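To keep things clear, I will list the structure first and then write my remarks on it.
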Amino acid sequence: MPDDRRIAHIDMDAFFASCELSQYPELRGEAMVVAGRRSDAPRTNPDGTREFSRLRDYKGRGVLTTATYEARAFGVHSGMPTMKAARLAPNAVLLPVNFELYRTYSRLFKDAVRSVSSTIQDVGIDEVYADVSLLNGESEEIARQLKSAVFEATQLTCSVGIAPNKLLAKLCSDMRKPDGVTILRLEDLQSTIWPMAASKINGIGPKAGAKLGALGITTIGEIAARDEHWLVEHFGSSYGSWLHRVSHGLDDRPVVTHSEPVSMSRETTFEQDLHAVQHRQELGAAFTRLCEQVALDLQRKGYLARKIGIKLRFNDFKTVTRDVTLAEPIADAKALRRAATQCLKRVELLKSIRLLGVKAGNLQRVGEVLDDKSPQFTLDF
DNA sequence: TCTGGGGTCCTAGGACCC
DNA sequence: TCTGGGGTCCTAGGACCC
């Protein structure tokens, strides 16, 4: 892969929180978090003013979806248990998630990026990669174009990184948040990338980060200082040589403009843990509902599934999965529940259940159910 | 104060076939 | 009759990402 490529990574700033601020402008400048349920929605008074829930009023087992920069100043961040955040920032405003709103803004954002460069790859709801190799002009100018197109369409800010590949572009977009632009050339690798924490790299999570730390490695440069053999010895041939490559800023993954879904799932964490015997009714009802939701998702998007699976998380947080591959693909709620029940029978239900999930995999598009191996008129002599 | 929900990809063992 | 290697499919679990 030639390294005269130019890849942009565009990342919306505090996306969910920013979408909410566009709905509730009076909250601008206040500490605010998104989490919680519909019951946490703001109430409108007769005089038109609004009353908001506060973090201190929250009771439940959720985690923060996002937090404004003002709330982050109290030490709260997305992924933190909401009850813990409530102790750190009790007066922060609490809003429930509103995915419909975020999807609307997401479409506007992506269309705006597409108006600058048509080669874009979705990475979740609030970020995209764009291949801008073929665009004319300096990278700085392209970054400005992307940002102003996004702002015009959404009134929201984003941060942009432009680099020779996706790995580096992603690292760049994070360097000057919010509302930042960072351009990186390969020769800036040692000065800019090597001092960064290893965990900044996409693919080095908590486990790998801790293992690196135990080996005395905390920065990307310290990974790069080891030779490949050493990394392979400690992390296996695949992950070890991947670590070697990324620490040297190498990444030849293309910008993928289209992909088919691999699975669709629904899961729910109960308000209280449920026991298979004492709470049989509630569990059965939840199970049916999850199957119906997955079936509806399949049907709305036009897919059939040949693999059906379940997921259980017990009160001790241990998680088990079971799945079954069917002879014929399905999208019907009843058939789905039958298959999921088969899976459920293979799990010992002694502990209370915290989470229940249903998943459909091995997907194929409706109408593309071509039987490539059915009538076999093979004659053996 | 325990730890959401929706995904993707990888590994590893066993079955089965050639 | 024994041995072996490769390929594919299935299942379970886990790491990681947004």
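Order of the sequence lines sets the chain letters (A, B, ...), proteins ahead of strands, with each chain counted from 1. Values in this document were obtained by computation on a predicted structure and should not be read as measured data.
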With Watson-Crick and G-U wobble geometry limited to distances under 3.5 Å, how should the secondary structure of DNA chain C be encoded in dot-bracket form, using | for bases paired to another strand and [ ] for crossing pairs?
....||||||||||||||
Side-chain heavy atoms nearer than 4.5 Å, only ILVMFWY residues, links allowed to pass through others: does that put A/Ile353 and A/Val358 together?
yes
Please work out whether B/dC2 sits syn or anti, treating a glycosidic angle within 90° of 0 as syn.
syn
Check the chi torsion on C/dT1 and let me know: syn if it falls within 90° of 0, anti if not.
anti
How is [X] classified with respect to the nucleic acid when contacts are heavy atoms under 4.0 Å: base, sugar-phosphate, or nothing?
X	value
A/Lys170	sugar-phosphate
A/Val262	sugar-phosphate
A/Arg306	sugar-phosphate

Test log, rule salt bridge (Lys or Arg N to Asp or Glu O under 4.0 Å), inputs A/Glu228 and A/Arg245
CA-CA 9 Å; A/Glu228 188 172 355; A/Arg245 283 199 310 279; 5.9 Å; no
Taking A/Val33 as the fixed residue, which of A/Leu94, A/Val93, A/Thr82 is the one that meets the side-chain contact (heavy atoms from CB on, under 4.5 Å) rule?
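Only one of A/Leu94, A/Val93, A/Thr82 forms a side-chain contact (heavy atoms from CB on, under 4.5 Å) with A/Val33, namely A/Leu94.
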Which distance, rounded to the nearest 0.5 Å, do you find between the CZ of A/Arg337 and the CZ of A/Arg289?
13.0 Å
Would you grab the first and last nucleotide of DNA chain B (5' to 3') that comes under 4.0 Å of any non-hydrogen atom in chain A?
B/dT1 to B/dT11
Cation-pi check, A/Lys211 to A/Phe235: give yes when NZ or CZ is under 6.0 Å from the six-membered ring centre and within 45° of the ring axis, no otherwise.
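Pair A/Lys211/A/Phe235 counts as cation-pi.
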Closest heavy-atom pair and its distance - A/Leu363, A/Tyr303
CB-CD2, 4.1 Å
Candidate list A/Lys110, A/Arg114, A/Arg107, test salt bridge (Lys or Arg N to Asp or Glu O under 4.0 Å), partner A/Asp122, passing option
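Answer after filtering A/Lys110, A/Arg114, A/Arg107: A/Lys110.
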Assuming nearest nucleotide by heavy-atom distance, tell me which of A/Thr268 and A/Ser263 is located more 5' along DNA chain B.
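Counting from the 5' end, the first nearest nucleotide belongs to A/Thr268.
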Toward the 5' end of DNA chain B, by each residue's nearest nucleotide, A/Thr269 or A/Lys359
A/Thr269
Taking DNA chain C as the partner, which of residues 65-82 of chain A come within under 4.0 angstrom of it by heavy atom?
none
Which of residues 192-222 of chain A sit near DNA chain C, with a heavy atom under 4.0 Å from it?
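Nucleic-acid contacts, sorted: A/Ile201, A/Asn202, A/Gly203, A/Ile204, A/Gly205, A/Pro206, A/Lys207, A/Ala208.
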Relative to each other, are the rings of A/Phe99 and A/Phe16 parallel, tilted or perpendicular (30° and 60° limits)?
perpendicular
With a cut-off of 3.5 Å and sequence neighbours excluded, list every side-chain donor-acceptor pair involving residues 306-313 of chain A.
from, atom 1, to, atom 2, distance (Å)
A/Arg306, NH1, A/Leu326, O, 3.0
A/Lys311, NZ, A/Glu267, OE1, 3.2
A/Arg313, NH1, A/Thr319, OG1, 3.2

Looking at A/Arg266 and A/Lys359, would you say the former's side chain and the latter's main chain have a donor-acceptor pair under 3.5 Å?
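Absent.
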Distance-only polar pair, side chains of A/Arg50 and A/Thr44, donor-acceptor under 3.5 Å:
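No.
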Crowding at NZ, A/Lys351 (>12 non-hydrogen neighbours, <6.0 Å)
yes
For atom C1', what is the distance between C/dG4 and B/dC17, given to the nearest Å?
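Rounded to whole Å, the distance is 14 Å.
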Can you name the side chain to side chain donor-acceptor pair (under 3.5 Å) partners of A/Arg6, sequence neighbours left out?
A/Ser139
